[in-house]
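The next block holds one structure in the form of structure tokens; read it before the comments.
Proteins come first, then strands; the chains are lettered A, B, ... in the order of their sequence lines, and each starts at number 1. Predicted model, so just to flag it, every value in this text is computed and none were measured.
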Amino acid sequence: MESTDIFLGGEDSGVREVQVSPVVLFNVLDHFIRRTEGKKRVIGTLLGRFSTSGTVHVTDSFPLPHSESGDEVAVDTDYHKNMYDLHKRVNSTEELVGWYATGTETDLKSVIIHEFYGRECVNPVHLLVDAELSSERFDMSAFVSTAYKIDDLALSSEFRSIPVCMKPDKAEKVGLDVLFKNRRREEGDLSSPVMASELENLEKSMERLLDLLDTIGKNVDAVVAGEVEGDVTTGRFLAETLTMVPRMNAADFERLFGDNMRDLLMVAYLCKLTQTQLIVAEKLLAVDTSPKY
Amino acid sequence: MEKPLDLRPSPQITKVRLEGITVMKVIKHCHDNFPMTVMGQLLGMDVDDTLEITNCYPFMSQPTTTAETGHDGTDLSSFEKEQQQHQRDMMWCVREVNIDHQVVGWYQSTGSQMGSFLSPQWIETQYNYQNHLGNIVCLIYDPIRTEEGLLSIHAYRLTKHFMELMRKGDFTSLGFSNTDVLANSIIEEVPIALHNSSLINAALVELDQAEEFSGENDVELARLSIGDKPVLEQSMEFLICELDTLGKEQSKYSYFMRNLVRSHGQVIEKMRKRRAENKKRDANGEEPLPDEEDVIQMFEKEPARLECKVLLKDLDSYVESIKSLASEGIVKQYGVSAVQAGDE
């Protein structure tokens with residue numbers, strides 16, 4: 001039987017992937033907590049940049065007041081314009097890339113809001129965050145709208161799902177790590193201090209490293225004894241890691257070690273000396289110089 | 001001037017409760033603009049003795065052309081006006097979406113300054129805040145140290161003693177001695193506790209497990225890298241530079257002291273003459289010459305000691321951070337030697 005179906009592909013928007021920075025997730029959740037009473041969901045604007053490879057980097061966001069009743073939806077366009085202008089003045093590199101909403105699915109109102117954003121920028125992305133945890137996870141999904149057209153006649157449009165990932169940069173990771181630790185602390189795990197100093201951090205890292213070495217050592221022993229079957233990838237990885245340790249003869253290393261150590265001890269010594277000098281300088285300042293007559 | 005202070009109802013805060021969202025926003029803003037130093041406003045509220053910081057927004061950064069337009073006052077003040085307008089608009093915007101809109105302080109990144117922030121301008125700003133709004137802290141964020149794996153964010157405010165001194169405006173050595181202000185007691189640190197709402201905590205649990213934060217992306221293991229020498233070196237360079245400035249300040253001071261001693265004799269001589277003349281005029285029934293005030297004026301004014309104090313405090317914090325960097329280096333050295341020894 002011959003098929004009479006017409007297959008329509010939506011237009012390609014060129015957006016392949018969305019990268020969200022953690023601060024956006026924080027912003028969305030905070031906005032959700034502070035929503036006006038009785039509101040089901042909140043929406044806001046996403047800021048960032050489009051890259052040529054088809055990835056959208058979402059680096060910031062701000063909330064946008066809106067109201068829904070029945071099938072109607074109203075967005076505070078003045079607020080949007082104001083806030084966007086204000087943001088532009090602080091950060092001129094970030095542009096409008098789309099909008100976010102909380103919830104799990106897109107509906108008719110989403111289309112209306114999406115159309116609004118479509119007028120503000122080309123190919124807006126829509127980020128949906130499940131802030132109510134209805135799936136017991138923070139599911140984040142991203143959509144782009146694609147139009148179905150025959151020639152120039154737009155028939156319909158569709159939200160097409162695209163992958164989302166989170167790419168924190170180094171400083172953000174450090175910040176988040178502290179927040180993770182803080183959370184564990186709140187739950188009663190008091191082993192790590194909140195605002196640790198360098199040495200405390202280092203101690204933790206060392207412990208972690210020893211722990212990992214211990215695990216791998218046990219695993220290797222087990223394989224050697226024939227209790228566990230060896231895993232090829234693990235073995236290769238171990239071999240590669242071991243060859244990465246530079247081989248030095250003992251005398252050279254001794255010299256290098258000594259040099260470095262002397263440098264560091266010298267620095268420590270100079271620090272103490274400077275501190276003493278500073279105290280003396282302070283005392284000199286305290287001399288009473290008011291004229292006596 | 002004193003009035004608003006007397007009306008201040010809330011007690012002095014003793015700790016800061018910082019929301020995670022603020023930490024993340026500050027980090028983002030400061031790193032976007034690195035190595036420039038940037039500032040922003042902190043929002044929240046004070047509850048009893050705790051200052052809750054729940055949100056923040058960035059200030060506009062100074063236009064880069066300031067250096068050229070700085071002398072020409074008009075441009076600068078137009079920027080200030082724009083800045084104020086920006087803040088007003090921003091406050092309106094945050095109020096609209098139910099974010100706390102009480103100003104509880106400001107934040108500043110130290111940019112490429114290796115953690116140094118204390119300057120007469122900083123003190124001026126903080127003084128104005130504290131004088132008008134009472135419970136105000138300044139969060140200082142160091143992007144370089146954070147990049148190295150240590151979240152460096154601290155809350156500071158001016159001490160009570162120093163506020164008194166500022167109000168008097170007496171920055172002579174005598175002024176400092178009278179109010180008992182040492183370099184170390186210009187500012188004080190307020191302890192920070194982190195806090196997050198349950199919803200964000202739930203998100204953190206999930207992120208904690210995520211791929212982006214484990215394996216080779218784990219911060220805890222990344223900290224073990226041994227390439228932090230440039231940071232140490234740069235800190236040392238800054239330290240040396242500041243020490244030079246301190247040396248200059250001190251030689252300026254000793255120059256002043258020398259002049260003071262030298263002019264002492266002349267002044268006494270002048271005063272003696274003036275008194276004799278006044279006595280003569282008195283005898284003749286003439287108006288006496290004005291009091292000895294103008295003679296005292298001949299004493300050279302003592303240069304303001306504030307900058308010097310600030311410098312001392314700054315140096316002290318440099319030394320502290322270098323010390324901790326050095327001790328970290330020593331520990332890592334031993335770590336490396338252990339790896340090598342095992343290799344033999």
*Starting from the C-alpha separation in whole Å, work towards a yes-or-no answer on side-chain contact (heavy atoms from CB on, under 4.5 Å) for A:Asn27 and B:Lys25.*
CA-CA 9 Å; A:Asn27 271 340; B:Lys25 278 178 126 174; 3.5 Å; yes
Sort out for me which of [options] touches chain A most, counting heavy-atom pairs under 4.5 Å.
options                                : result
B:Met24, B:Glu19, B:Glu96              : B:Met24
B:Val38, B:Asp100, B:Leu243            : B:Asp100
B:Ala203, B:Ser324, B:Ser198           : B:Ala203
B:Pro143, B:Ser197, B:Ala202, B:Gly335 : B:Ala202

Are [X] and [Y] side-chain neighbours, meaning at least one heavy-atom pair lies under 4.5 Å?
X        : Y        : value
B:His31  : A:Glu172 : no
B:His86  : A:Leu86  : yes
A:Met166 : B:Leu207 : yes
B:Trp92  : A:Tyr79  : yes
B:Leu204 : A:Asn182 : no
B:Val97  : A:Arg35  : no
A:Val90  : B:His29  : yes
A:Val174 : B:Leu150 : no

Of the backbone (N, CA, C, O) and the side chain (C-beta and beyond), which part of [X] lies under 4.5 Å from a heavy atom of chain A, both, or neither?
X        : result
B:Glu147 : both
B:Gln85  : neither
B:Phe34  : neither
B:Glu206 : side chain
B:Val26  : neither
B:Asp32  : side chain

*Between A:Glu94 and B:Lys28, does at least one N-O distance fall below 4.0 Å, as a salt bridge requires?*
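Salt bridge flag = yes for B:Lys28 with A:Glu94.
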Spacing of [X] atom [atom1] and [Y] atom [atom2] [to the nearest 0.5 Å]:
X        : Y        : atom1 : atom2 : result
B:Asp316 : A:Thr274 : CG    : OG1   : 10.0 Å
A:Asn260 : B:Lys332 : CG    : NZ    : 12.5 Å
A:Phe62  : B:Ile99  : CZ    : CD1   : 11.5 Å
A:Lys39  : B:Asn98  : NZ    : CG    : 8.5 Å
B:Ile330 : A:Leu265 : CD1   : CG    : 4.5 Å
A:Leu278 : B:Leu315 : CG    : CG    : 5.5 Å

Structural part of [X] lying under 4.5 Å from a heavy atom of chain B:
X        : value
A:Asp263 : side chain
A:Ser21  : neither
A:Phe32  : side chain
A:Leu212 : side chain
A:Thr59  : both

Minimum heavy-atom distance between [X] and [Y], given as atom pair plus value:
X        : Y        : result
B:Ser337 : A:Phe253 : CA-CZ, 3.5 Å
B:Val319 : A:Cys271 : CG1-O, 3.6 Å
B:Cys93  : A:Asn82  : SG-CB, 4.4 Å
B:Ile200 : A:Asp30  : CD1-N, 4.5 Å
A:Val267 : B:Ala326 : CG1-CB, 4.0 Å

_If you take the centroid of each ring, where Trp contributes its six-membered ring, are A:Phe257 and B:Tyr334 closer together than 6.0 Å?_
yes
Pairs of heavy atoms under 4.5 Å with chain B: top-ranked of [options]:
options                               : answer
A:Lys170, A:His31, A:Gln275, A:Glu203 : A:Gln275
A:Arg183, A:Met206, A:His87, A:Arg89  : A:Arg183
A:Gly44, A:Gly175, A:Pro65, A:Ser205  : A:Ser205
A:Met83, A:Met261, A:Glu254, A:Lys272 : A:Met261

*asked:* Heavy-atom count check: over 12 atoms from other residues, nucleotides or ligands less than 6.0 Å from A:Arg49 CZ?
replied: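 No - once you tally the heavy atoms of other residues, nucleotides and ligands closer than 6.0 Å, there are 12 at most.
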